[in-house]
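Here the structure is laid out as structure tokens; the discussion comes afterwards.
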Amino acid sequence: MFSRLNFQYLLSYFGLIPYFLILIDKYFLNQIKEQISINFLIYYTLIIFVFIGSINWNFDNKTNNFITIYGFLPSFFATFIIILNLYSFNFFYLILIINLLLVIQLIFDYFVIFLRKPDKNFLYFLRIPLTLSIIFSLLIFIT
């Protein structure tokens with residue numbers, strides 16, 4: 001059984017635990033201040049967003065400049081979101097912007113990274129379910 005278990009997939013799904021904990025706290029426990037929960041969700045999601053963008057970088061090989069810039073853009077957008085959050089921009093709109101960026105990243109990843117790859121298991125079993133889980137968790141939090 002464990003030979004078929006991909007440890008990277010397992011760790012990736014464990015990354016959803018903080019979202020569930022924040023939602024459980026918001027709707028049942030009310031132990032964490034709302035502003036702390038909001039900031040945590042924004043920053044944690046941005047870490048994931050930037051990580052996904054940089055996952056396509058390969059420092060061992062000469063990489064296409066487009067892929068390099070494409071991998072950098074999440075860092076640029078994350079910095080912009082952080083600045084907006086630090087200036088107390090409406091968190092509802094920040095969450096919507098982050099969700100939009102996640103959807104755009106998923107769509108572009110399909111066309112830029114996965115379209116020509118014959119094995120799309122990573123996309124179907126990891127990227128799509130995790131991204132949708134994050135988006136829905138954020139949407140549930142703002143309702």
Side-chain angles (χ1 to χ4, degrees), residues 1-86 89 91-143:
M1 175 180 157
F2 288 110
S3 63
R4 295 192 37 89
L5 180 67
N6 187 324
F7 193 59
Q8 292 169 319
Y9 279 48
L10 182 65
L11 286 178
S12 296
Y13 277 96
F14 279 159
L16 293 175
I17 291 173
Y19 292 100
F20 297 135
L21 293 176
I22 293 290
L23 289 173
I24 289 168
D25 182 76
K26 178 181 179 174
Y27 290 104
F28 301 107
L29 304 174
N30 296 315
Q31 296 297 308
I32 303 172
K33 291 181 184 176
E34 186 174 17
Q35 191 60 42
I36 292 173
S37 294
I38 292 166
N39 285 330
F40 177 81
L41 286 175
I42 289 171
Y43 296 136
Y44 185 68
T45 304
L46 290 177
I47 289 169
I48 292 169
F49 180 65
V50 169
F51 177 77
I52 293 169
S54 66
I55 205 168
N56 300 312
W57 287 23
N58 185 351
F59 289 106
D60 293 336
N61 299 326
K62 177 79 173 127
T63 307
N64 179 333
N65 288 340
F66 175 77
I67 297 295
T68 302
I69 292 170
Y70 177 69
F72 163 76
L73 285 177
S75 298
F76 175 77
F77 291 127
T79 303
F80 184 69
I81 298 292
I82 290 169
I83 291 169
L84 289 175
N85 189 49
L86 290 173
F89 191 77
F91 94 92
F92 179 82
Y93 293 122
L94 282 178
I95 296 295
L96 291 180
I97 292 168
I98 291 169
N99 279 345
L100 179 64
L101 289 172
L102 286 168
V103 168
I104 290 170
Q105 184 182 47
L106 184 61
I107 292 168
F108 272 79
D109 274 2
Y110 176 77
F111 288 109
V112 172
I113 307 298
F114 294 107
L115 187 62
R116 286 178 230 110
K117 286 188 177 183
D119 182 15
K120 293 181 177 52
N121 284 339
F122 176 76
L123 175 71
Y124 297 136
F125 297 114
L126 197 66
R127 281 287 280 120
I128 292 173
L130 288 176
T131 300
L132 292 177
S133 296
I134 291 169
I135 289 169
F136 289 131
S137 295
L138 293 172
L139 290 175
I140 290 169
F141 184 83
I142 63 174
T143 57

Worksheet item: How far apart are the C-alpha atoms of Tyr43 and Asn85, what are their side-chain angles, what is the distance that settles it, and do they pass the side chain to side chain contact (heavy atoms under 4.5 Å, CB included) test?
Response: CA-CA 9 Å; Tyr43 296 136; Asn85 189 49; 2.9 Å; yes

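- Other residues, nucleotides and ligands contribute at most 12 non-hydrogen atoms within 6.0 Å of the CZ atom of Phe14.
- Within the model, atoms CG of Leu102 and CD1 of Ile48 stand 8.5 Å from one another, a figure rounded to the nearest 0.5 Å.
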Practice prompt. Any chance you could lay out the ring pair (Phe, Tyr, Trp, His ring centres under 6.0 Å) test for Tyr44 and Tyr19, step after step, and finish with the verdict?
Written response: CA-CA 9 Å; Tyr44 185 68; Tyr19 292 100; 5.4 Å; yes

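- Arg127 and Asp109 get closest at one heavy-atom pair: NH2-OD2, 2.7 Å.
- For the atom pair CG (Leu106) and CD1 (Ile134), the distance works out to 10.5 Å, reported to the nearest 0.5 Å.
- Between Lys26 atom NZ and Ile142 atom CD1 the span is 8.5 Å, to the nearest 0.5 Å.
- Smallest separation of non-hydrogen atoms from Leu23 and Ser137: CD2-O, 3.8 Å.
- When all heavy atoms are compared, the tightest approach of Asn99 to Ile135 is OD1-CA, 3.5 Å.
- By the neighbour-count criterion of 12 heavy atoms within 6.0 Å, atom CZ of Phe89 is densely surrounded, having more than that number from other residues, nucleotides or ligands.
- For the pair Gly53 and Pro74, the tightest heavy-atom approach, listed with the atom from each and the gap, is CA-CG, 3.7 Å.
- Using the six-membered ring where Trp is involved, Phe72 and Phe76 have ring planes that are tilted, between 30° and 60° apart.
- If you take OH on Tyr13 and CG on Leu126, they are separated by 5.5 Å, rounding to the nearest 0.5 Å.
- Scanning all heavy atoms of the two residues, the minimum distance from Pro129 to Leu123 falls at CD-O, 4.0 Å.
- Of the inter-residue distances, the one linking Phe91 atom CZ with Leu84 atom CG reads 15.0 Å to the nearest 0.5 angstrom.
- In this structure, Ile95 and Phe141 have side chains that are not in contact, with every pair of non-hydrogen atoms separated by 4.5 Å or more.
- Here the two rings, on Phe122 and Phe114, have centers that are under 6.0 Å apart.
- Around the OH atom of Tyr9, the shell of radius 6.0 Å holds more than 12 heavy atoms that belong to other residues, nucleotides or ligands.
- For Phe51, the CZ atom sits in a loose shell: 12 or fewer heavy atoms of surrounding residues, nucleotides or ligands are nearer than 6.0 Å.
- Between Tyr27 and Ile140 the shortest heavy-atom distance is OH-O, 2.7 Å.
- The one candidate from Ile104, Ile98, Ile97 that meets the side chain to side chain contact (heavy atoms under 4.5 Å, CB included) condition with Leu100 is Ile104.
- Between the Asn39 side chain and the Gln35 main chain, a donor and an acceptor come within less than 3.5 Å of each other.
- With rounding to the nearest 0.5 Å, the separation of OG in Ser75 from CG in Leu46 is 10.0 Å.
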